[in-house]
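Presented below is the structure to which this report refers.
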Amino acid sequence: MDKMWAGRFSKALDKEADDFNSSIHFDCKMYKQDIEGSIAHATMLAACNIISQSDCDTIIKGLKEILSDLNDGKLAFDFDAEDIHMFVEPELTKRISDVGKRLHTARSRNDQVALDIRLFMRDEAQEIIALIKKLLGAILVQAEANKETILPGYTHLQRAQPIMFAHHLCAYAMMFIRDMGRIEDAVKRMNFSPLGSCALAGTTYETDREMTAKLLGFDGITLNSIDGVSDRDFCVELMSAFALIMTHLSRFAEEVILWSSWEFKFVELDDSYTTGSSIMPQKKNPDMAELVRRKTGIVYGDLMAMLTILKGIPLAYNKDMQEDKEAIFDSSETVKKCLSVFAPMIETMSVRKDKMYAAAGEGFINATDLADYLVKKGQPFRSAYKTVGQIVGKCVAEGKTLETLTLPEYKEFDNLFEEDLYAEIDLKNCAEKRISAGGTSVASIEVQIEYIKAFLNKSI
Ligand code: ARG
């Protein structure tokens with residue numbers, strides 16, 4: 001097939017160079033957006049009397065037919081075409097003859113592709129937000145069921161203080177809520193139409209860029225045509241937001257992996273989200289969580305690839321930018337897959353409250369509360385801290401816990417100890433007492449749950 005730009009050339013492009021140059025294998029994903037953009041463009045050309053209304057109608061009819069044929073699988077992509085734009089336009093001309101050749105007036109593939117990615121990523125962003133909401137819903141299910149489920153909270157992966165499992169889960173909800181905000185924010189900045197910037201300098205036709213922007217649901221137009229065709233900041237912004245989602249998912253995944261190990265046994269993943277071993281019959285492996293942990297690296301790599309594509313390229317369009325799509329599509333696909341599998345995995349996991357409580361009973365996680373007890377009876381915190389340290393030392397040496405140490409034994413350390421100390425170090429009481437805003441008490445958890453629910457109900 002003759003190239004669209006064949007006029008200036010006396011020789012055909014070398015076959016291997018042709019394949020090397022082609023992007024249709026990955027930009028064919030944007031066929032809907034490409035056609036949607038062309039329909040808006042043709043509408044505007046007619047409204048501005050650049051093409052006739054009847055040509056516009058023929059073009060739009062042809063484009064709509066191509067769209068429905070592609071949707072129904074009646075039309076297949078021609079992978080010999082250079083890119084999606086060079087597939088749709090000749091296909092249109094094949095169908096409606098020379099009228100199709102009028103479509104590319106006052107437009108270039110440079111603004112066309114800048115438009116298509118924005119339209120495509122705007123939809124992807126909405127899908128990802130919807131998937132995050134599903135995950136938040138799954139977290140809420142577990143949080144509501146575990147408002148009073150006590151487990152050890154950790155620092156340095158050492159048992160630290162008793163917390164409620166719901167409190168731990170809500171921490172992840174807060175991260176994902178911020179992730180949604182970051183996507184929303186990036187979309188706001190991205191939502192300006194570059195269409196009509198043409199190759200880089202604008203056009204001599206009297207076009208109406210505001211009109212196409214409005215037809216395509218943008219908040220306005222990009223104000224500099226050079227920037228319009230060469231800006232891919234929005235890709236970096238979205239991909240950074242995606243990378244952070246993966247950071248959060250990977251931390252969560254890592255905890256799920258730990259929690260489902262025999263060493264912890266805090267949770268048991270549903271059979272539908274675990275796999276067995278080909279040799280060890282007892283195994284139930286948290287493969288989904290491990291893959292989420294691995295795929296985090298893919299999304300980080302995609303972000304780095306995008307930054308590297310943009311680094312140092314002069315204005316305006318350069319062919320390097322053609323391969324921005326592979327990186328950003330891969331990144332959003334990966335995030336979508338991870339979120340889709342992670343949400344039901346969390347929702348269906350069973351929580352072993354008994355194991356969590358047992359773990360909370362070992363490791364002296366109520367030692368801070370014992371020190372606070374002495375402080376309330378008049379000891380300075382530093383002295384109380386030291387006394388409790390010595391008590392813990394005795395327990396460790398004698399295989400006892402703070403709960404099993406007798407009152408006379410306590411009194412050997414400090415005469416301020418009385419019978420009421422046992423209520424003070426009761427694990428549930430320890431967690432419940434953390435009434436500070438944002439703490440682990442049930443009252444605080446309820447505030448958090450309400451916040452998450454309100455967030456889910458608000459349509460963003
Ligand atoms: N396939 C190209 C891309 O995705 C379209 C723009 C090509 N423009 C050009 N002047 N070669 O970047």
Side-chain angles (χ1 to χ4, degrees), residues 1-9 11-14 16-38 40-41 63 66 70 77-93 101 103-124 190 193-203 212 216 222 225-236 238-239 302 305-333:
M1 186 176 56
D2 261 1
K3 292 288 176 205
M4 205 72 101
W5 30 261
R8 190 208 179 287
F9 294 80
K11 257 169 100 178
L13 182 61
D14 169 79
E16 213 172 321
D18 198 7
D19 289 345
F20 189 70
N21 191 43
S22 162
S23 59
I24 189 153
H25 285 279
F26 49 88
D27 63 24
C28 61
K29 270 186 156 210
M30 307 189 299
Y31 75 92
K32 282 190 187 130
Q33 290 73 16
D34 197 68
I35 293 175
E36 196 191 341
S38 289
H41 185 65
L63 286 169
I66 295 176
L70 283 170
F77 294 113
D78 170 8
F79 290 107
D80 285 337
E82 186 182 329
D83 55 29
I84 186 61
H85 330 292
M86 293 297 213
F87 167 73
V88 173
E89 200 192 320
E91 178 63 30
L92 180 70
T93 306
K101 295 185 181 167
L103 172 64
H104 209 57
T105 318
R107 182 179 80 168
S108 148
R109 277 187 296 158
N110 296 353
D111 56 341
Q112 210 179 335
V113 76
L115 171 78
D116 292 0
I117 316 178
R118 279 172 156 91
L119 291 174
F120 190 89
M121 289 315 299
R122 200 170 64 184
D123 291 347
E124 289 289 294
M190 166 179 86
S193 170
L195 186 61
S197 300
C198 300
L200 81 162
T203 181
T212 43
L216 295 166
T222 54
S225 58
I226 299 174
D227 182 51
V229 291
S230 61
D231 170 34
R232 296 292 183 273
D233 292 359
F234 58 92
C235 295
V236 174
L238 283 172
M239 292 168 85
D302 287 331
M306 179 61 77
L307 286 166
T308 312
I309 288 167
L310 297 178
K311 177 183 173 293
I313 51 174
L315 298 178
Y317 177 85
N318 296 268
K319 194 75 170 190
D320 317 41
M321 291 160 81
Q322 174 162 283
E323 296 185 5
D324 56 359
K325 286 168 256 3
E326 282 170 301
I328 197 162
F329 293 170
D330 183 59
S331 138
S332 66
E333 264 313 302

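Every number for a ligand or one of its atoms is a count from 1 in the order of the listing. Scope of the values below: all heavy atoms of this structure, side chains included, with no hydrogens, waters or symmetry mates.
Ion pair Glu333/Lys29 flagged as a salt bridge, since at least one NZ, NE, NH1 or NH2 atom sits closer than 4.0 Å to an Asp/Glu carboxylate oxygen. Using a 4.0 Å cut-off between a side-chain N of Lys or Arg and a carboxylate O of Asp or Glu, Glu82 and Lys319 qualify as a salt bridge.
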What are the atom names and distances for all N or O pairs under 3.5 Å between ligand 1 and the protein?
| unit_1 | atom_1 | unit_2 | atom_2 | d |
| --- | --- | --- | --- | --- |
| ligand 1 | 1 (N) | Ser23 | OG | 3.4 |
| ligand 1 | 1 (N) | Asp83 | OD2 | 2.8 |
| ligand 1 | 1 (N) | Gln322 | OE1 | 2.7 |
| ligand 1 | 4 (O) | Lys325 | NZ | 2.8 |
| ligand 1 | 8 (N) | Asn110 | OD1 | 2.8 |
| ligand 1 | 10 (N) | Asn110 | OD1 | 3.2 |
| ligand 1 | 12 (O) | Tyr317 | OH | 2.3 |

Review item, side-chain donor-acceptor pairs of residues 196-203, under 3.5 Å, at least two apart:
| unit_1 | atom_1 | unit_2 | atom_2 | d |
| --- | --- | --- | --- | --- |
| Ser197 | OG | Pro194 | O | 2.7 |
| Thr203 | OG1 | Tyr205 | N | 3.3 |

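With hydrogens and angles disregarded, no donor-acceptor distance shorter than 3.5 Å links the side chain of Asp27 to the backbone of Asp83. With hydrogens and angles disregarded, no donor-acceptor distance shorter than 3.5 Å links the side chain of Asn318 to the backbone of Asp320.
Taking the six-membered ring for Trp, Phe120 and Phe329 have ring centres closer than 6.0 Å.
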